[in-house]
Peer 1: 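The structure is given below, and queries will be raised subsequently.
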Number of protein chains: 2
Amino acid sequence: MTGSGADWPPRVGRTEKGKGFPMTVTPRGEAGARAATISDVAALAGVSPGTASKALNGRGRLRPETRERVLDAARKLDFRPNAMAQGLLSGRSFTVGLITTDSVGRFSLPVLLGAEDALGAGRMSVFLCDTRGDRIREQHYVRTLLERRIDGLIVTGRRTDPRPPLVLPAPVPVVYALGPSTDPADVSLVPDDAGGARLVVDHLLATGRRRIAHLTGPAHHSAAAERAEHTTLALRDAGAELSGGRVYFGEWSEAWGRQAALIALRADPDVDALFCGSDQIARGAADALREAGRRVPSDVALVGYDNWKVMAEASRPPLTTVDMNLTELGRTAALRLMSAIEGQPAGGVERLPCRLVIRESTGVAAEGGPSPLRG
Amino acid sequence: MTGSGADWPPRVGRTEKGKGFPMTVTPRGEAGARAATISDVAALAGVSPGTASKALNGRGRLRPETRERVLDAARKLDFRPNAMAQGLLSGRSFTVGLITTDSVGRFSLPVLLGAEDALGAGRMSVFLCDTRGDRIREQHYVRTLLERRIDGLIVTGRRTDPRPPLVLPAPVPVVYALGPSTDPADVSLVPDDAGGARLVVDHLLATGRRRIAHLTGPAHHSAAAERAEHTTLALRDAGAELSGGRVYFGEWSEAWGRQAALIALRADPDVDALFCGSDQIARGAADALREAGRRVPSDVALVGYDNWKVMAEASRPPLTTVDMNLTELGRTAALRLMSAIEGQPAGGVERLPCRLVIRESTGVAAEGGPSPLRG
DNA sequence: GACGGCTGGGAAAAGGGTTTCCCAGCGCCT
DNA sequence: AGGCGCTGGGAAACCCTTTTCCCAGCCGTC
């Protein structure tokens, strides 16, 4: 250390000892062959750099012949404008950060891919940051992203539980996807689990089921709690009651699904439908039901949640389940972010509808059901 | 269009009509509040920008007091150096592209996270690009990344099958992870499936199994073919033969696992071990064995591949399986890339060792076995 | 013929940070 | 007193692209 406290702010390209290495000494994989600049193009075309810029961007008034000469030169030199120079001047980087707070899981992945897709279509590049649930790491990424002058930020978590808002030292548009911010002024996008639960209850009632049990994950997970609450409400609205008189909270596992199914059978031997809070639980339930001699769907209908293909389709029988449209959610998050970047003000939690995917476990002719080629 | 062919090269921030919008008209979410520059810091500290730069970076010779004044000013203004300006000057962006060629799947995800982790530790930011198997999209991303002057590129696919090398119009270090390049001069990192197969065969032989069948995926998948080949070789080396006299190629599905297990039982009723090319196949086999009245592991040992937790641990009994250490593979890919960026020449395919995870399905006391809280 | 307007294009600044070169001032030695 | 060397810091160039401003030349018109 040459001076005290000289390590603030943290700098890119600096060694442990705080000396750094001269930034001009930057060996490249293949040496030499500096990329062509617009001055090179201009020189080859016999014009000034300014004119070349106009030609390449269709600005200003140029003789068609001149414009063509410049374009030819650019093609010849394989000119590719330096986005950093453009960004420096324009004040926009055309990049956004995608922070996943709790590692990338089964749920956050589709969100992430949907967002990446929509942003790519909007000519934005995406910085991926996986904080693995570490607040320190999160702050590190936030600083890095701000140094890179990202235009906006998408925050996603592995579950739907609310999270405290990101601490941002500078004003940048942020959209929360999947796990909403606890600050209602923030823009958050979540799957409409209440609607999802109602889809399932309506479907089961419509197909003649009356004694419906609900097996789900831990009560302290908002996903489990919300689905359970609205399952109960939807049944009450229809004048029905939950089989067993209560929700079976437990874990998000097949083992719990097997166990809970047996408990539900014991509590109400005439139960005719199990609505499970996840496909894993439903699959466990399917195994337990089969081994207990109950046929699905003729004796008991079975519904899962998540439309996790490998579970839902490998289950015997394949599961009717709720698809949260997470890719679409990610895509929407990206669109909201781009609006915010353009200056459209927004705020609040937006709930995106779920979709019921009907397969054999509820014994209804599946419309557009499972294609044998998918998976 | 103002001129013919004026849309080359494609530009960021440009409208359909080729007119573009003035880049100065860039509304920001929260208006005003321009980020502090080093000149602001210098002014507040009463020094020149050059001196401020030296103070912040620990370069040059400065009086400790001056340095401290600059650092104070930077803190006060919440100064954050503009990475684009730094990159412009240094010629390095400290970013890398992470191209996943065939969408992000179960296998590519850990690779991607491992790479992101290692790169983040190296102060590099990661551009995520999902080409979804589309060559056009791939070229689009390559162009975008080159405009952003990435320092390097990691290419990963969803499977281990070789892929044709990326078409790069400019020389940039590239590392292929999981799916190797068909060009042997490229740097590729793949899991050592041959070694993985041998781990399994050795384990089964060591625990007294002699009649070992191999059930796996499609023969045209290199993962299936390579594991099958080395399973056969390893058995031959030990003086044993494959139960049934052949490899059971099929699909990567539980349904095939169930079916293949029955076939293997019929072909060789005394079979005492099933080595499956994936955990999904193994899980199907586990179900089929149980339903056929064979006990696992006492009658038949069962081994999977992939160490896909939700499959391996939910299987009854939990599966002994091969872990390809994909996160480690991603991390290694990132390290190789950083070496290449620093100028270390390299080339060829590097195979990273797999790891045998022992659970109950082979009936051996598991060392550091399945924790009930994981998954 | 003088002037106005248009066309095509150049010069220069701006954006933010780093580095090189240079210089003023000071202490020390002879 | 003069010369030397060191210290601390400033001026300016540079990275690359875009944009603004300006100008030369030309045509048409009165």
Side-chain angles (χ1 to χ4, degrees), chain A residues 2-3 9 11-14 20-26 34-43 45-70 74 79-93 147-149, chain B residues 2-3 9 11-14 20-26 34-43 45-70 74 77 79-94 147-149:
Chain A
T2 343
R11 305 287 339 297
V12 166
R14 175 164 205 215
F21 61 90
M23 303 195 75
T24 47
V25 181
T26 48
R34 185 180 54 85
T37 72
I38 203 169
S39 298
D40 300 333
V41 173
V47 299
S48 74
T51 302
S53 172
K54 289 172 196 159
L56 294 171
N57 294 305
R59 299 261 163 67
R61 314 202 51 81
L62 274 68
R63 219 179 311 161
E65 172 211 318
T66 308
R67 190 180 301 278
E68 205 53 51
R69 256 200 349 268
V70 173
F79 172 67
R80 217 174 303 280
N82 185 324
M84 290 187 289
Q86 293 182 140
L88 189 55
L89 191 54
S90 70
R92 280 199 57 180
S93 59
E147 289 187 1
R148 296 196 183 281
R149 299 298 192 267
Chain B
T2 344
R11 308 287 340 295
V12 166
R14 169 163 210 219
F21 63 90
M23 303 196 73
T24 48
V25 181
T26 48
R34 184 180 54 83
T37 73
I38 203 169
S39 297
D40 300 334
V41 173
V47 298
S48 74
T51 302
S53 172
K54 289 172 196 160
L56 293 170
N57 294 304
R59 300 259 164 67
R61 316 201 51 82
L62 275 68
R63 219 178 313 160
E65 172 211 320
T66 308
R67 189 181 300 276
E68 205 51 53
R69 259 203 344 273
V70 172
L77 297 177
F79 172 67
R80 217 176 302 282
N82 185 323
M84 292 187 287
Q86 294 182 139
L88 190 55
L89 187 55
S90 70
R92 280 199 58 180
S93 60
F94 286 92
E147 290 188 359
R148 296 196 183 281
R149 299 296 191 267

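These numbers were taken from a predicted model, which means no experiment stands behind them. First the proteins, then the strands, lettered A, B, ... as listed; each starts at 1. Below, each value reflects all heavy atoms present in this structure, side chains not excepted, and no hydrogens, waters or symmetry copies.
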Peer 1: For the side chain of B/Ser53, counting heavy atoms from C-beta on, which of C/dT18, C/dG8, C/dG10 is nearest?
Peer 2: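 Minimum distance to the B/Ser53 side chain belongs to C/dT18.
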
Peer 1: Rounded to the nearest 0.5 Å, how far apart are CG of B/Leu89 and CE of A/Met84?
Peer 2: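 CE of A/Met84 is found 10.0 Å from CG of B/Leu89.
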
Peer 1: How far does CZ of A/Arg149 sit from CG of B/Asn82, to the nearest 0.5 angstrom?
Peer 2: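 With rounding to 0.5 Å, CZ (A/Arg149) is 4.5 Å from CG (B/Asn82).
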
Peer 1: Using rotation axes that map the C1' atoms of four end pairs onto the next four (five pairs an end), what angle separates the end axes of the helix from C/dG1-D/dC30 to C/dT30-D/dA1, to 10°?
Peer 2: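 Axis angle across the helix from C/dG1-D/dC30 to C/dT30-D/dA1, nearest 10°: 80°.
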
Peer 1: The side chain of B/Ala85 is closest to which nucleotide in this list: C/dT19, C/dG16, D/dT18?
Peer 2: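 Taking heavy atoms from C-beta onward, the closest nucleotide is C/dG16.
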
Peer 1: What is the separation between atom CZ on B/Arg69 and atom C1' on D/dG8, rounded to the nearest whole Å?
Peer 2: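 Result: 11 Å.
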
Peer 1: What is the distance from CG of B/Asp40 to P of C/dG15, rounded to the nearest Å?
Peer 2: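 Taking CG of B/Asp40 and P of C/dG15, I get 11 Å after rounding.
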
Peer 1: Do A/Glu65 and A/Arg69 have side-chain heavy atoms sitting under 4.5 Å apart?
Peer 2: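 Yes; the side chains approach each other to less than 4.5 Å.
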
Peer 1: Any side-chain N or O of A/Arg61 below 4.0 angstrom from OP1/OP2 of C/dC6?
Peer 2: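 For A/Arg61, the contact criterion (side-chain N or O under 4.0 Å from OP1 or OP2 of C/dC6) is not met.
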
Peer 1: In whole angstroms, how far is the C1' atom of C/dT20 from the CG atom of B/Leu89?
Peer 2: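 These atoms are roughly 12 Å apart.
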
Peer 1: May I ask you to evaluate whether A/Thr66 reaches the phosphate of C/dG9, defined as a side-chain N or O under 4.0 Å from OP1 or OP2?
Peer 2: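 Affirmative; the distance criterion is met.
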
Peer 1: For B/Ile38 and for A/Pro64, find the nucleotide of DNA chain C with the closest heavy atom, then tell me which residue's nucleotide is more 5'.
Peer 2: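 Comparing both residues, the 5'-ward one is A/Pro64.
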
Peer 1: Does A/Leu62 reach a base, just sugar-phosphate, or nothing at all? Heavy atoms under 4.0 Å.
Peer 2: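 Since only primed, P, OP1 and OP2 atoms lie under 4.0 Å of A/Leu62, the category is sugar-phosphate.
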
Peer 1: Tell me the closest heavy-atom pair linking B/Val70 and B/Val41, and the distance in Å.
Peer 2: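 Heavy atoms of B/Val70 and B/Val41 come nearest at O-CG1, 3.8 Å.
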
Peer 1: Mind checking if A/Thr37 touches a base, just sugar-phosphate, or nothing, with heavy atoms under 4.0 Å?
Peer 2: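 Sugar-phosphate contact only - A/Thr37 comes under 4.0 Å of backbone atoms but never of a base.
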
Peer 1: From the options C/dG16, C/dG8, D/dC16, select the nucleotide whose nearest atom is closest to the side chain of A/Asn82.
Peer 2: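 Shortest atom-to-atom distance from the side chain points to D/dC16.
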
Peer 1: Within the pair B/Ser48 and D/dA11, is there a side-chain N or O less than 4.0 Å away from OP1 or OP2?
Peer 2: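 False: B/Ser48 side-chain N/O out of range (4.0 Å or more) of D/dA11 OP1/OP2.
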
Peer 1: Whole angstroms only, please: what is the CG-P distance between B/Asn57 and C/dT20?
Peer 2: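 It is 13 Å, rounded to the nearest whole Å.
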
Peer 1: Would you check if the side chain of A/Asp40 reaches a backbone N or O of A/Thr37 as a donor-acceptor pair within less than 3.5 Å?
Peer 2: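 Side chain of A/Asp40 to backbone of A/Thr37, a donor-acceptor pair under 3.5 Å: yes, one is there.
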
Peer 1: Would you mind classifying the nucleic acid contact of A/Arg63 as base, sugar-phosphate or nothing, using non-hydrogen atoms under 4.0 angstrom?
Peer 2: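 If one applies the 4.0 Å heavy-atom cut-off, A/Arg63 turns out to touch the sugar-phosphate alone, with no base involved.
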
Peer 1: To the nearest Å, give me how far apart CZ (B/Arg67) and C1' (D/dG9) are.
Peer 2: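 Atom CZ in B/Arg67 sits about 12 Å away from atom C1' in D/dG9.
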
Peer 1: Measuring from B/Leu62:CG to B/Glu68:CD, what's the distance to the nearest 0.5 Å?
Peer 2: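 B/Leu62 atom CG to B/Glu68 atom CD measures 11.5 Å (nearest 0.5 Å).
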
Peer 1: How long is the line joining CE of B/Met84 and C1' of C/dT18, in whole Å?
Peer 2: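 After rounding, the gap between these two atoms is 17 Å.
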
Peer 1: Just so I know, are the side chains of B/Arg148 and B/Ser93 near enough to count as touching, which here means a heavy-atom distance under 4.5 Å?
Peer 2: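 No - every pair of side-chain heavy atoms lies 4.5 Å or more apart.
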
Peer 1: What's the closest nucleotide to the side chain of A/Phe79 if the choices are D/dT19, C/dG16, D/dT17?
Peer 2: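 For A/Phe79, the side-chain atoms sit closest to D/dT17.
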
Peer 1: Could you check how far CD of A/Glu65 sits from P of C/dT7, rounded to whole Å?
Peer 2: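 It is 17 Å, rounded to the nearest whole Å.
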
Peer 1: Rounded to whole angstrom units, what separation is found between the CG atom of B/Leu88 and the C1' atom of C/dG15?
Peer 2: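 Whole-Å distance recorded here is 9 Å.
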
Peer 1: Quick one: pull up CZ in A/Arg80 and CD1 in A/Ile38 and give me the separation to the nearest 0.5 Å.
Peer 2: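 Going from CZ on A/Arg80 over to CD1 on A/Ile38, the span is 14.0 Å.
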
Peer 1: Is there a donor N/O on one and an acceptor N/O on the other, under 3.5 Å, for the side chain of A/Lys54 and the base of C/dG8?
Peer 2: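 For A/Lys54, whose side chain was compared with the base of C/dG8, there is no donor-acceptor pair (under 3.5 Å).
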
